[in-house]
Amino acid sequence: MSILHNTYFHSSSKILDTLPRDGLPEICFVGRSNVGKSTAINKITNRKKLAFSSKTPGRTRLINMFNVIEQKKHSTIGYLVDLPGYGYANLSNQEKINFEKVLTKYVQYRKTLVGIVLLIDMRRGITPLDDDFLNLVTLKPIIIILTKADKLSYSERIIRKSITTEKLTKFKNIRNIIEFSAAKKIGILEVSDIIEKLIKQ
C-alpha cells in the first residue's frame, strides 16, 4: 500500500506564517482552476473527500495542508499541499496582488518545498498562465500531470503529449511529464511513486 494512503487534513491558511515549521518535506499541487487538482489528490491518496473542489471555479483561496503519516511510527513524514487554482480573476486588483504575492513567495522560497506537481489539462495544453508559473519557479523539481487524458483518443493523446513535451524542453527543472486520468486510473501509480520518493529522499 502506498504511504500516501495514510494522508489526512492538517490545516488551512491564508498566510505563510501559520504553515508548519517542523521542517518536513512538502509537495505542492498547482494549476488552473478546474484542472482537476482536488480529484488528483483524492485519487493519489485513495481518499474520496480529502480535498474539496468548489462548485465555483476560483473560489478556494487557502493553502490546504495534508499530512502524510508513517503508519508504523504514527508520525508525520511530509505534507501534500493544495494551492489555490489560478486563472479566475474573481478578486479586486489589490486582493489579487496580495494573493499572488503569498503564492509566489511560497513556491519560490519555501525551504521545505521539495517538489511541485503542476497540473495541465491535456486538451488545452500549456496556457499563458501555466507558462508564467513555469518561468517563475526555476529551482524546484516539477512534475507535470496532463489531466483528463480519458477525454482524448489514444492517437490524440500521443499528439498532445508530444506537442506539450516539445514546448516544455526549455524548462530544465521538469523531471516528469505524465498522462493522468482519475476516471480511467491512468498515471496514478506513477505519480504516487514519484511523490513518495520525493518525500523519502
Side-chain angles (χ1 to χ4, degrees), residues 1-8 25-53 57 60 64-69 77-87 107 113-127 129-131 133-134 137 140-201:
M1 184 178 72
S2 169
I3 62 169
L4 302 180
H5 291 182
N6 292 309
T7 301
Y8 303 88
E26 298 169 10
I27 312 291
C28 77
F29 290 71
V30 66
R32 286 179 60 91
S33 295
N34 213 26
V35 76
K37 278 193 299 96
S38 298
T39 300
I41 292 172
N42 289 339
K43 280 294 179 182
I44 290 165
T45 58
N46 199 35
R47 302 283 299 279
K48 289 184 178 180
K49 296 182 180 180
L50 181 66
F52 287 92
S53 56
T60 302
N64 294 308
M65 308 283 294
F66 306 97
N67 54 333
V68 181
I69 305 293
I77 58 173
Y79 297 92
L80 303 184
V81 185
D82 184 10
L83 297 180
Y86 52 76
V107 296
L113 181 62
V114 298
I116 296 171
V117 178
L118 173 60
L119 294 91
I120 295 172
D121 188 326
M122 196 171 196
R123 301 166 300 176
R124 285 173 171 252
I126 302 167
T127 67
L129 286 171
D130 297 322
D131 200 60
F133 180 82
L134 287 165
V137 186
K140 302 287 186 180
I142 294 178
I143 300 100
I144 302 291
I145 291 184
L146 302 176
T147 63
K148 306 183 182 181
D150 58 291
K151 304 296 184 181
L152 299 171
S153 68
Y154 181 71
S155 58
E156 286 176 323
R157 282 164 50 189
I158 292 174
I159 294 170
R160 298 292 178 92
K161 185 175 181 180
S162 177
I163 293 171
T164 301
T165 301
E166 179 64 27
K167 289 181 178 179
L168 292 172
T169 53
K170 62 180 178 179
F171 301 107
K172 305 305 178 185
N173 56 327
I174 292 178
R175 301 287 179 83
N176 309 84
I177 302 174
I178 302 167
E179 296 177 37
F180 191 92
S181 167
K184 298 293 184 181
K185 299 182 179 179
I186 299 170
I188 296 172
L189 292 178
E190 190 175 356
V191 173
S192 298
D193 184 57
I194 293 168
I195 293 173
E196 285 189 29
K197 288 177 180 176
L198 285 170
I199 290 175
K200 292 178 177 179
Q201 68 182 6

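Positions are given from 1, in the same order as the sequence printed here. Only a predicted model underlies this, so the values are computations on that prediction, with no experimental measurement involved. Atoms considered below: every heavy atom in the structure, side chains included; atoms not considered: hydrogens, waters and symmetry mates.
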- Is there a donor-acceptor contact under 3.5 Å from the side chain of Thr147 to the main chain of Leu119? no
| Does Ile178 reach the side chain of Ile194, with side-chain heavy atoms less than 4.5 Å apart? | yes
Rounded to the nearest 0.5 angstrom, the CG-CD1 distance for Leu118 and Ile174 is 7.5 Å
Point to revise | Any donor-acceptor N/O pair, Arg47 side chain to Thr7 backbone, under 3.5 Å | key: yes
inquiry  = For Ile195 and Val68: C-alpha separation, side-chain torsions, deciding distance, then whether side-chain contact (heavy atoms from CB on, under 4.5 Å) applies.
reply    = CA-CA 11 Å; Ile195 293 173; Val68 181; over 6 Å; no
Separation between CD1 (Ile145) and CD1 (Ile143), nearest 0.5 Å, reads 8.0 Å
For Ser181 and Ile188 the tightest heavy-atom approach is O-CD1, 4.4 Å
Fill in: Beyond-backbone contact of Lys200 with Ile3, side-chain heavy atoms, under 4.5 angstrom
yes
- Query: Are the side chains of Phe171 and Asp131 in touch, meaning some heavy atoms are under 4.5 Å apart?
  - Reply: yes
Do the side chains of Phe180 and Ile186 get nearer than 4.5 Å, heavy atoms only?
no
Closest heavy-atom pair, Arg157 versus Ala149, reported as atoms and distance to 0.1 Å, is CD-O, 3.3 Å
Between Lys140 and Ile116, is there a donor-acceptor pair closer than 3.5 Å when you use the side chain of the first and the backbone of the second? no
**Message:** One thing to verify: whether Arg32 and Asp121 come together as a salt bridge, which I'm taking to mean a side-chain N less than 4.0 angstrom from a carboxylate O.
**Reply:** no
Between Cys28 and Val107, the two heavy atoms sitting closest are SG-CG1, 4.5 Å
Rounded to the nearest 0.5 angstrom, the CD1-CG distance for Ile41 and Leu4 is 11.0 Å
query = Is there a donor-acceptor pair closer than 3.5 Å between any side-chain N or O of Ser162 and the backbone N or O of Ile159?
reply = no
Looking only at heavy atoms, the pair that brings Ser38 and Asp82 closest together is OG-OD2, 4.1 Å
Rounded to the nearest 0.5 Å, the NZ atom of Lys185 sits from the CG atom of Asp150 at a distance of 13.0 Å
Worksheet entry | Lys151 atom NZ: more than 12 heavy-atom contacts under 6.0 Å | no
More than 12 heavy atoms from other groups under 6.0 Å of CD1 on Ile158: yes
Residues Asn42 and Ala51: closest non-hydrogen pair is OD1-N, 2.7 Å
task = Test side-chain contact (heavy atoms from CB on, under 4.5 Å) on Glu26 and Met65 and set out the steps.
result = CA-CA 9 Å; Glu26 298 169 10; Met65 308 283 294; 3.9 Å; yes
Rounding to 0.5 Å, atoms CZ (Phe66) and CD1 (Ile44) come to a distance of 11.5 Å
Hey, does the side chain of Asp130 reach the backbone of Thr127 with a donor-acceptor pair shorter than 3.5 angstrom? yes
Nearest heavy-atom approach of His5 to Met1 is ND1-CG, 3.2 Å
Distance col, row Ile126:CD1 vs Leu146:CG, nearest 0.5 angstrom, shows 8.5 Å
I'd like to check Thr164 versus Met122 (side-chain heavy atoms, cut-off strictly below 4.5 Å). Are they in contact? no
Would you call Leu152 and Arg160 a side-chain contact if the rule is heavy atoms closer than 4.5 Å? yes
Is there a side-chain contact between Leu134 and Leu168 in this structure, where contact means two heavy atoms from C-beta onward sitting under 4.5 Å apart? yes
